[in-house]
Amino acid sequence: MSAIVDFFGIAVIIAVVKVVITFAALLGTTIVVVWFERKVIADMQARIGPSRWGPFGLFQTLADGIKLFFKEDFRPQTADKWTYAIAPVAAMVPALLGFAVIPVGDEVTFGDTTVGLVMSDLNVGILYFLAMGSLGVYGIVLAGWASGSKYPLLGSIRSTAQLISYETAMGLSLVPIALVAGSLSTVDIVTAQAGSVGRVTFFDGIPVLEQISAIFRFIPNWYIWSQWPAFVIFFIAGVAETNRAPFDLPEAESELVAGYLTEYAGIRYALFFLGEYVHVVVISAMAVTLFFGGWDGPTFSFLSWLWPVIWFMIKTVAFIYLFIWFRASLPRLRYDRLMWLGWKRLIPAALVWIMVTAVVNTAGVARGVRLGVFIGLFVVVMIFIARGDPRQLKPVSPQSQGRATRGVA
Amino acid sequence: MTIGTLVFGVAFIVALGSAIAMLFARNAVHVALFLVAAQVALALTFLLQGAFFVAAVQIIIYAGAIMVLFLFVVMLLGVDRSEALVEPLPFQRPLALGLGALLAAGILYLAVAGIDAASTITGDGSGALLALNRDPGNVLALARVLFSRYLLPFEATSALLVAAIVGVMVLARRVGSISAVAPRISPAEEREVA
């Protein structure tokens, strides 16, 4: 053992242990999340959901996994052999890798070594997360093409366009966070959100409001307060990137059978499934990290290292619930509406919001005024977003081509 | 042998191997995939030099965006499984050979002579690149250079790109054609048109 430690060094050993624990925890979480989703959706639709195997049907996912594992590994004759085999792995690995920059807790000290509860504190953490997100497209694109059949190809073409559009919006929505935190590292961003909003000097001298403003001392200093437009854009783009309802056009079971998944069965199908749910967990965890203070929360002296981890998990589960809620309540977007939302609303809104944040951040005005400016300018942004709707756009019909008055309003 | 050497070895083999495989692959999608593998391996070598920012951008822009667009176009046009090997332009191959040799010579010259490119920034000798990536960090160092010394070329490049995009949109736009607006026609309007 000591020979191994001597050869690799303690840092490498710690890294390997972290990787193994994170990998196991993510896969375990996925199994629970699938069960959680089925139960929550069943509850929303007044059904019982899985209930046969284990307490509350908790082992149902496990049983499904075993079933998928033992199914025949089927490959269509028209499929491209190697690409068909690589695609499920290409879908799952980037999703898993994305979790590497997410801090799940504060630093822990064992003896004389201090270990941060994050796999890797890269100084470009946000960019790494975006990079893994953009690599995740390949799994779906390749699966669709390699299957050698029509519906999967249609699904993967849809997916390509969708993911490129929403990735741009997601990248732009993270720029304001980097501006405010002054860093691209996820650990720095979480640290910057520690503490409370603090005393608001804006209401000083006004009798009643001054006392009421004391309440701000209990509000945590999370970026969600000042950066919630960025959060809205980030989360919409995040849902689109996981290909889940209402953005599940690539698999749209009512139009494309199951899109890129049509020709997949058994363990390969299970890998896609796993990749999607890991992606949901990663997007939720990233939303928590960037906008909701990460592991920030009240800690107690008893097992003080564990509380941040618990806070992080509670917040993440709340966002996973939101994902499931979306699926239960929102219908699938039409394709042109999807493109309209991505290119004409989310991206311009994100660009305007970057400018607003940059101006306010550089001006260095007092906190209260800053808040006021944020809200005022956001109203302008909202007016900009709300202006116009595709239903009001008049198509150019063949009869009207000669007239200049009709057309895009 | 350190871990760094090991990672470099793997990245080197993958980058070179997939670049060569890319040249010989017959299928357009396979070509794109090998290119992606080469780019990811290159990103790894950037990581080894402490250039985290460049590595991340390499993956986001090249592997993540440009190659996906390539694949999109390839799939949209429909790939033929086999490629015609007859060269329609007779001068293309010798020209490519000559230009390729020129490019290789240029890269070789840069690799030998311009190894301490960072010294133009810091004024130090060789090895300054790694030190620069460590001390102010890759993001800061790059931002300082990009937004101070090279601000004008940087902005000129972005203006050029915007102009190119606008130009493409102007050229690709077909005024008054049905196909450009077809998705917007709702069922009610369709009936009206019919």
Side-chain angles (χ1 to χ4, degrees), chain A residues 8-9 11-12 15 80 82-83 86 90 94 122-138 141-142 144-146 148 153-154 156-157 159-161 163-164 167-168 171 178 183-185 334-337 339-340 390-391 393-402 407-408, chain B residues 1-3 27-30 32-33 36-37 39-40 43 47 50-76 78-79 81 133-134 136-140 142 175-178 180-186 188-190 192-194:
Chain A
F8 288 111
V12 174
D80 188 273
W82 287 104
T83 320
I86 289 170
L122 288 179
N123 60 7
V124 289
I126 295 182
L127 292 179
Y128 172 85
F129 166 74
L130 288 174
M132 288 308 124
S134 61
L135 285 186
V137 192
Y138 283 106
V141 173
L142 294 179
W145 174 78
L153 188 64
L154 285 172
S156 71
I157 286 176
S159 166
T160 328
L163 291 185
I164 285 191
E167 224 160 62
T168 319
S183 171
L184 289 168
S185 150
R334 211 172 62 201
Y335 193 74
D336 60 317
R337 298 292 299 258
M339 286 296 141
W340 168 82
R391 280 170 301 189
L393 299 177
K394 285 279 186 293
V396 183
S397 61
Q399 289 93 332
S400 68
Q401 269 180 26
V408 181
Chain B
M1 193 174 71
T2 59
I3 297 282
N27 192 312
V29 173
H30 290 172
L33 278 185
V36 172
Q39 280 160 353
V40 172
L47 275 186
F52 293 106
F53 182 79
V54 183
V57 166
Q58 163 92 2
I59 291 184
I60 295 174
I61 305 290
Y62 288 100
I66 292 183
M67 290 318 293
V68 172
L69 264 182
F70 273 29
L71 274 178
F72 182 68
V73 173
V74 166
M75 289 194 308
L76 211 61
V79 241
R81 295 249 160 169
N133 282 336
R134 284 229 181 87
N138 193 232
V139 183
L140 264 181
L142 208 66
V175 183
S177 94
I178 294 180
V181 288
R184 285 205 187 121
I185 298 180
S186 65
E189 312 253 11
E190 237 163 37
E192 186 194 310
V193 169

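All heavy atoms count here, side chains included; hydrogens, waters and symmetry mates do not. Labels below follow one simple rule: chain letters A, B, ... track the order of the sequence lines, proteins then strands, and each chain is numbered from 1.
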### Side chain proximity check, A:Thr83 to B:His30, heavy atoms < 4.5 angstrom
yes
### Residue among A:Ile164, A:Leu184, A:Ile86, A:Val137 with most heavy-atom pairs under 4.5 Å to chain B
A:Ile164
### Task
Could you pull out all residues at least two apart from A:Ala161 that satisfy side-chain contact (heavy atoms from CB on, under 4.5 Å)?
A:Tyr335, A:Met339, B:Phe72
### Query
Non-hydrogen atoms of chain A under 4.5 Å away: do they reach the side chain of B:Leu33, the backbone, both or neither?
side chain
### Query
Does any N or O in the side chain of A:Tyr138 come within less than 3.5 Å of the main-chain N or O of B:Ala63, such that one atom is a donor and the other an acceptor?
yes
### Results of side-chain contact (heavy atoms from CB on, under 4.5 Å) for A:Ser156 - residues two or more places apart only
A:Leu153, B:Met75
### Message
So which residue, A:Gly136, A:Ala131, A:Ala90, ends up with the most heavy-atom pairs under 4.5 Å with chain B?
### Response
A:Ala131
